[in-house]
2 protein chains.
Amino acid sequence: MAARRDELTREATRLFAERGFHGTSMDALAQALGVQKGSLYSLIGSKQELLYVTMRSGATAFHAALDAVPERAPAAERVRVALRGHLRVVSEQLDVATVFTREWRYLEGAHRDEIVAERRRYEDRWRALLREGVESGDLRTDLDVGAATLLVLSAANWAYTWLEPGRDTDELADRFTAILVDGIRGYATRA
Amino acid sequence: MAARRDELTREATRLFAERGFHGTSMDALAQALGVQKGSLYSLIGSKQELLYVTMRSGATAFHAALDAVPERAPAAERVRVALRGHLRVVSEQLDVATVFTREWRYLEGAHRDEIVAERRRYEDRWRALLREGVESGDLRTDLDVGAATLLVLSAANWAYTWLEPGRDTDELADRFTAILVDGIRGYATRA
DNA sequence: TCCCTCCTACCGAACGGTCGTTAGCATCGA
DNA sequence: TCGATGCTAACGACCGTTCGGTAGGAGGGA
């Protein structure tokens, strides 16, 4: 049941991703559903609520991807799996990922606080993953964990701007991991 | 002369960065200047034009930063200088950088085409920089230049979200460069 | 010095249109 | 019969933009 409501939230996510939250009117949304804009309010309480349900499904998807990272494994392997998971979410739910990383600032009130906290928690989990790698000796002891976290999260958060839906993201994640783990320096110039 | 107009574009950039283009009304802009909204139109032709001048100064700033990268120098050093330049622009002109990377899609018509081309050219210049590093032997011959470019541009483009204005970005750029060049792998686990 | 013209900046009011939202009523399948 | 879904019409607020008018100063010619 509530199939029509799902249709609405899906269409809303798509338009929010394409034109932005403020750039999408309830009227445009209604037209996409083939319906009068007043009719939308028998399916949803407000435009804000529409944004919120998108954000919630984004938060759920990204955290679920991190849940699949094995507790006991070499750090490089854990990074690889985490990056694979993140990029897979982005490519399989590109609109959700786009809205989640770009439009969260237009949430208001308690919903906003909640989503901001979820985003922060996601970053903290990544930071912990890298810190544990240093502590276990898998990663270099002089690694700047803060900078490394920033770097990998940048790659993850920027992916929605260039990732084509349906692309093989596992291989891509592995390439990123390879660069992160071993660096770009030429063999000949290694000190 | 035209001092008042500069004041307007500066305030517009600030508000576009804070609330987004569609989230900023001409009325809010006028209030920030202490003026009636109709009065803005003796200083600027349209809201679109206001967005465009911000985008232009962003494009100019980022390209100028890349111009300062030495032609003949080890690739790692060139990456370091380029990254320093980019992050310096972001921190010194945070609002401009924010609008440039986040609000460009709301430009319309020919202005949009122009700015999109500038953004693409900037990315191409980065890609060339890394490719030349491989060709000169400074960077590993098996480096995936596309993935490496994506990685470094992600870090650059995401910086506006976390960089605090006035922070020492040179040191930060060097830390990023160090990770990119040598990787995160622990010495003990090096193959 | 005076006058006239031009320019910049702003005013207050209004334009037609769109915004998100609400109310009351109709339809229809379960 | 009842809940889900949709309609039409309207609400007040706000949108970006245009308008005619005006204050004040700069510049130039007589």
Side-chain angles (χ1 to χ4, degrees), chain A residues 1-56 95 99 102-112 115, chain B residues 1-56 95 99 102-112 115:
Chain A
M1 66 190 79
R4 197 67 171 136
R5 192 192 132 113
D6 289 349
E7 224 175 309
L8 170 57
T9 57
R10 208 176 325 119
E11 205 61 31
T13 301
R14 193 180 67 80
L15 285 175
F16 290 167
E18 187 181 310
R19 315 180 191 176
F21 178 71
H22 283 309
T24 304
S25 67
M26 292 302 273
D27 202 35
L29 214 35
Q31 270 178 253
L33 277 271
V35 137
Q36 298 281 99
K37 67 172 173 171
S39 309
L40 301 179
Y41 288 84
S42 52
L43 301 172
I44 201 86
S46 69
K47 194 186 179 189
Q48 274 284 320
E49 192 181 325
L50 231 25
L51 179 57
Y52 175 67
V53 304
T54 299
M55 303 301 295
R56 270 250 54 90
D95 291 336
V99 175
R102 192 201 259 156
E103 306 290 327
W104 62 267
R105 337 177 266 130
Y106 302 120
L107 268 180
E108 295 166 7
H111 284 341
R112 181 193 168 109
I115 296 299
Chain B
M1 65 190 76
R4 197 67 170 135
R5 192 192 132 112
D6 291 349
E7 225 175 305
L8 169 57
T9 56
R10 209 178 321 119
E11 204 62 31
T13 301
R14 194 179 67 79
L15 285 176
F16 290 166
E18 189 181 310
R19 315 178 191 175
F21 178 70
H22 283 310
T24 303
S25 68
M26 293 301 275
D27 201 36
L29 213 36
Q31 268 178 254
L33 276 271
V35 137
Q36 297 281 99
K37 65 172 172 170
S39 308
L40 300 179
Y41 288 83
S42 55
L43 302 171
I44 202 87
S46 68
K47 195 187 177 189
Q48 275 283 322
E49 192 180 328
L50 229 26
L51 179 57
Y52 174 67
V53 303
T54 299
M55 303 302 295
R56 270 251 54 90
D95 290 337
V99 175
R102 193 201 259 154
E103 307 289 327
W104 63 268
R105 354 181 250 127
Y106 302 120
L107 268 179
E108 296 165 7
H111 283 342
R112 180 192 168 110
I115 295 299

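Reminder, nothing fancy here: chain letters follow the sequence lines and each chain counts from 1. Only this structure's heavy atoms are used, side chains among them; waters, hydrogens and symmetry mates stay out.
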**Message:** Run the side chain to side chain contact (heavy atoms under 4.5 Å, CB included) test on B:H111 and B:Q48 for me, step by step, so that the C-alpha distance in whole Å, both residues' side-chain angles and the decisive distance to 0.1 Å come before the verdict.
**Reply:** CA-CA 9 Å; B:H111 283 342; B:Q48 275 283 322; 5.6 Å; no

Before giving the answer on side chain to side chain contact (heavy atoms under 4.5 Å, CB included), spell out for A:L43 and A:E7 the whole-Å C-alpha distance, their side-chain angles and the decisive distance to 0.1 Å. CA-CA 10 Å; A:L43 301 172; A:E7 224 175 309; over 6 Å; no

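One can place CD of A:Q31 at 15 Å from P of D:dG6, the figure rounded to the nearest angstrom. Counting to the nearest Å, the C1' atom of D:dT8 and the CG atom of A:L40 are 14 Å from each other. In this structure, B:L51 places its CG atom 13 Å from P of D:dG16, rounding to the nearest Å. For A:L29 and C:dT21, the CG to P distance is 11 Å, given to the nearest whole Å. A straight line from CD1 of B:I44 to C1' of D:dT18 spans 16 Å, rounded to a whole angstrom.
Under the 4.5 Å side-chain criterion, counting only non-hydrogen atoms from C-beta, B:Q31 is not in contact with B:K37. When side chains are defined from C-beta on, A:R112 does not count as touching A:Y106, because their heavy atoms never get closer than 4.5 Å.
A salt bridge links B:E11 with B:R14: at least one charged nitrogen is closer than 4.0 Å to a carboxylate oxygen.
A heavy atom closer than 4.0 Å to some atom of DNA chain C occurs in no member of residues 10-19 of chain A.
Taking each heavy atom of A:V99 and A:A17 in turn, the nearest pair found is CG2-N, 3.6 Å. Residues A:A12 and A:L50 share a closest heavy-atom pair of CB-CG, 3.7 Å.
Relative orientation of the B:F21 and B:F16 rings is perpendicular, given thresholds of 30° and 60° on the angle between their planes.
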Whether each nucleotide of nucleotides 10-20 of chain C has a protein heavy atom under 4.0 Å at its base (B), only at its sugar-phosphate (S) or at neither (-) is summarised, 5' to 3', as BBB------BB

